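Take a look at the structure set out below.
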Amino acid sequence: MELLKGLNSSQREAVVNYDAPSLIVAGAGSGKTRVLTSRIAYMLHQGVPAHRIMALTFTNKAAAEMRERIGHMIGGEQSRRLWMGTFHSIFLKILRYEAARLGYPSSFTIYDTADSRNLIKQIVREMNLAEESYKPNTIQARISLAKNNLVTADAYEANAEYTTEDRHRKMPAFAQVYKEYARRCRANAAMDFDDMLLNVNILLRDAPDVLAKYQERFQYLLVDEYQDTNYAQYVIIRRLAAEHSRVCVVGDDAQSIYSFRGAKIENILRFRNDFPDAQTFKLEQNYRSTQTIVNAANSVIKNNVNRLPKESFSAGAEGEKIKVLKAYTDQEEASMVADELRRRVRTDGAAWSDAALLYRTNMQSRVFEEAFRRRGIPYRIYGGMSFYQRKEVKDLLAYMHLIVNPRDNEAFRRIVNYPARGIGDVTVGRLAAMATARGVSLWEVAAGDSLQEAGLNAGAAAKVREFVELISSLSASRAGAELYEFGLDVATRSGIIGNYKMEQTPDAQSALDNIEELLNSMQTFARDVVGEMEYDPTTGELVAGEVAAPSVADWLQSITLLTDQDNDAPEDRNKVTLMTIHAAKGLEYRYVFVAGLEENLFPSAMSMDGADGIEEERRLFYVALTRAKEVAVLSFAATRYKWGSMEFCRPSRFLKEIDRQHLDATFDLEDDAPKPAGSPAWSEKTPAWSPKSSASSPSSKMPSAILPKTTRPDPSRFRKMGVRPAASSAPSSDAVRTVADSGNYVVGQRVAHSKFGIGTITSVEQAGNDHKVTVDFDTDGPRTLLTKFAKLAIVG
DNA sequence: CGGACGAGGATTTTT
DNA sequence: TCCTCGTCCG
């Protein structure tokens, strides 16, 4: 049969035996995605209705790719009806649909990590707790851990073990903070990431009819990257599968790298206990990498105790030995890596995009950026500040959130005085006091007629009313308007655009670029969604036909869980990829460079106090190595700058764990005497879900997302295309100004956009001081753009 | 009330 | 080193 062609025998077994619980243990590069997509396609082919299948993936990108591949195999009509996505995005749909059962409006807001940390900070302040011992990050991590283990605030408070532990950790009031946090989220009609999973569990536990409905609906469950699911996700699966589902989980215990986020490797280790009649399929042949790389990776991972027996092998070429680069400083490391990379790519005639540089922490990227830039090596960085976490984007989104969900107090606070409109802390404090007293939202107080009673003077009250007026009128205009029009309306009338335009700085311009990008995404979304079929989440039946016009709420929903990936901008092609190893999961490159192989960096210092921690770091190293198809190069430095001061480093123990026969090192690793191994004694009686002491100081940064460092158009592009930059709101040369002011935007004019390419203007409209033009792009279709954003260039 | 400036603190990984 | 928070002044 066509679908099974080219599969090896174990892959084929894993595909055709779809009617019983299955554990597919898939080593790195073993064709896991292929098996998963083939299995689904095969099921569809055998007559399983698409709407009976739920496939859970680790990222949205993975889901999109699988959907596309299945579409090719079996047809888009069916693949579109599959429920495929991350736990969060799939269950968000169900949560919106069933929100009422949980006492939420279906328009509830989703708080990202920054939102929830702000709220925690505020609560700690309000409760007058010592900020030294109640660090927001610590609190957040602990709340997250509790939720991931399905411990609600009330359950937490009632558990003496937890509260005793909190007293020891000098946070006796933690349970109260947790309770208040949960209360406030609910009052704001908001859920954080962890709430989504927790609430799904509550829903499935407390609403038997809902449970039965979805059990009936989803009779086939597939879970990818099962080794990285947490307890909450595990219970969801068990609940849904309890009636008659066939669960198929796919994963590799050797690649479990998310325990800091609550992932439980035990889920995959114990699958066969949970489903005693499960069949196991092992995919051990690695089709990705050379024998050297696979064997080297095996030699490292065998140092882990906690693992499923499995030996992956490669039938490919033996390949080059793994080169190890030793540098004296982190700067030199960057230079050596950059030189080596350039040499490889050039001599092999490879593309820059064939190479990736992986590191343990985001902060390591900086020196490499410099080294690459100096050599003119094109690169792109995944990670760092995500697009959706930029201030200007969050501000604009806060307006939309407040409009969609007026109960969202956090959104209210964020924008009530941004851009500055004279509503200060004192005023907000008075509003908040009354809101608390009356048990209503800030918005309700602000929009009510008790401003005077709240203690506001006439001036403050007038400003608040003006703000209320603004939001109300924006809210009213949303009904008739197109998505993009509405977004533009918000950005303009809120004063955000004007505010940045006044600044006339590069930062402000970049903020404007980002706002434009956001507005463009509304346009793209609207265009993509219109005409899509709409299906009932419960039955999978076609609802009312095609989606006519998406709402703001639809759009917000689509972006809240959109984190990274997806943003494959065309200008990012043929560049070296720089990213953390975590971000590299699931990807592959011909050349992989892994930098910073030093004790306390990789393995990270934070992981040193337990055997589990080191094993996870080792798995992370395993993941890093197995990203390489042909060549792996490892590097480390003897000294490294940290917080401005120099530190000495020893080579990572992982280097020594690699079988020497696979290494090409011009020096003796043993020269640098390894530190005595960390004591393996870790506490025996921590509660199953309880954080180890180290787990409570998580990062304050939340990187993710891949955006090019700057989104500014590269001027050289214009030169090459024989065009010149047009209207710019930034200070610009006279020549440029002339182009803009002389109204060169006329119908029929050919123009270039840094992202959408070249197109023809089909309409021009005056919009205040600016022009609103519609451009029919040659490759990308028609779009409405504002010339004030200054990304259009006149061609010719 | 809002902006500018200075000091001090922080860095593991992210759906 | 860089970013965030707090304080001070207009």
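Chain naming here is simple, since letters A, B, ... match the order of the sequence lines and numbering starts at 1 in each. What you are looking at is a predicted structure, and each value in this text was computed from that prediction instead of being measured.
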Please report whether the ring centroid of Tyr379(A) lies less than 6.0 Å from that of Phe368(A). no
Taking only nitrogen or oxygen atoms into account, show me every contact under 3.5 Å that the protein makes with nucleotides 5-10 of chain C, one pair per line with its distance.
residue	atom	partner	partner atom	Å
dC5(C)	OP1	Lys121(A)	NZ	2.8

Need to verify one output field. Residue with the more 5' nearest nucleotide on DNA chain B, Arg360(A) or Gln233(A)? Arg360(A)
Tyr258(A) ring over dT14(B) six-membered base ring, under 5.5 Å and 30°: no
Side-chain contact test, heavy atoms from C-beta onward, threshold under 4.5 Å: evaluate it for Leu240(A) versus Leu204(A) and give yes or no.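 Yes, their side chains come closer than 4.5 Å.
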Check the pair Asp224(A) / Phe58(A) against side chain to side chain contact (heavy atoms under 4.5 Å, CB included), numbers first and verdict last. CA-CA 7 Å; Asp224(A) 193 10; Phe58(A) 194 69; 5.9 Å; no
Could you work out, with side chain to side chain donor-acceptor pair (under 3.5 Å) as the rule, every residue matching Thr86(A), not counting sequence neighbours?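 Side chain to side chain donor-acceptor pair (under 3.5 Å) list for Thr86(A), sorted by chain: Ser89(A).
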Provide the full list of ring-ring contact (aromatic ring centres under 6.0 Å, His included) pairs with a residue in residues 594-618 of chain A, sequence neighbours left out, each pair given once. Phe602(A)-Phe621(A), Phe602(A)-Phe654(A)
For residues 456-470 of chain A, please give each side-chain donor-acceptor pair under 3.5 Å, one per line with the distance, not counting sequence neighbours.
residue	atom	partner	partner atom	Å
Asn457(A)	OD1	Gly459(A)	N	3.1
Asn457(A)	OD1	Ala460(A)	N	2.8

Of all residues at least two apart in sequence or in a different chain, which pass the salt bridge (Lys or Arg N to Asp or Glu O under 4.0 Å) check with Asp330(A)?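 Once residues adjacent in sequence are excluded, Asp330(A) has no partner under the salt bridge (Lys or Arg N to Asp or Glu O under 4.0 Å) criterion.
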Provide a list of protein-nucleic acid N or O atom pairs under 3.5 angstrom, restricted to nucleotides 1-5 of chain B.
residue	atom	partner	partner atom	Å
dC1(B)	OP1	Gly424(A)	N	3.0
dC1(B)	OP1	Thr427(A)	OG1	3.3
dG2(B)	OP1	Asn417(A)	OD1	3.3
dG2(B)	OP1	Asn417(A)	ND2	3.1
dG2(B)	OP1	Gly422(A)	N	2.9
dG2(B)	OP2	Asn417(A)	ND2	2.8

Asn304(A) and Tyr622(A) side chains, donor-acceptor separation under 3.5 Å: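 There is no such pair between these side chains.
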Starting from P on dT15(B), measure out to CG on Asp112(A) and report it in whole angstrom.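 Distance check: Asp112(A) CG to dT15(B) P gives 12 Å.
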Figure out the CD/C1' separation between Glu225(A) and dT13(B), and round it to whole Å. 15 Å
